[in-house]
Amino acid sequence: ESGSEGAGLALDEARPKLRKPPLYKVVILNDDYTPMEFVIEVLKRFFGLSHDKATSIMLHVHTRGRGVAGVYTYEIAETKVILVNECAREHEHPLQCTLEESE
Ligand code: TYC
């Protein structure tokens, strides 16, 4: 954090009010056909999850129907949704993920 007195900043607000950006959940949906291993690999590759964490989220989605892979600002979340859906389509799996407002 820079100070308020150096280099001509004395008249500036020292701690300008900043607003946190809105956050979005990337939600993974269950289906009957996508292999469990494929979902785990997707969660590891696109969401940086460990094998254990990815497995746990996959099993949560499998049993509960949906689950949160991660929470991001809009552009990041939207990009991950596109990449996951593209990857699933390329491999001819019905896996889908979507965006949801957080907070
Ligand atoms: N239900 C799938 C199966 O039994 C596994 C699965 C888990 C699919 C999570 C999608 O998001 C998903 N093979």
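Every number for a ligand or one of its atoms is a count from 1 in the order of the listing.
Comparing heavy-atom distances from atom 2 (C) of ligand 1 across Leu29, Val27, Asp32, Asp31 singles out Asp31 as nearest.
A distance of 6.0 Å or more separates the ring centres of His93 and Tyr33.
Listed by number with element, the atoms of ligand 1 under 4.0 Å from a non-hydrogen atom of Ile28 are 11 (O).
From the protein, the heavy atom lying nearest to atom 8 (C) of ligand 1 is Asn30 OD1, 3.4 Å. Looking at atom 4 (O) of ligand 1, its nearest protein heavy atom turns out to be His62 CE1, 3.1 Å. The protein non-hydrogen atom at the shortest distance from atom 9 (C) of ligand 1 is Val61 CG1, 3.6 Å. Looking only at heavy atoms of the protein, atom 3 (C) of ligand 1 is closest to Thr34 O, 3.6 Å.
Separating the SG atom in Cys97 from the CG atom in Leu29 is a distance of 7.5 Å, to the nearest 0.5 Å.
Between Arg66 and Ile28 the shortest side-chain heavy-atom distance does not fall below 4.5 Å.
Taking the six-membered ring where the residue is Trp, Tyr74 and Tyr24 present perpendicular rings, their angle passing 60° and hence far from 30°.
A donor-acceptor pair is defined here as one N or O able to donate and one able to accept, closer than 3.5 Å; such a pair exists between the side chain of Thr34 and the backbone of Leu95.
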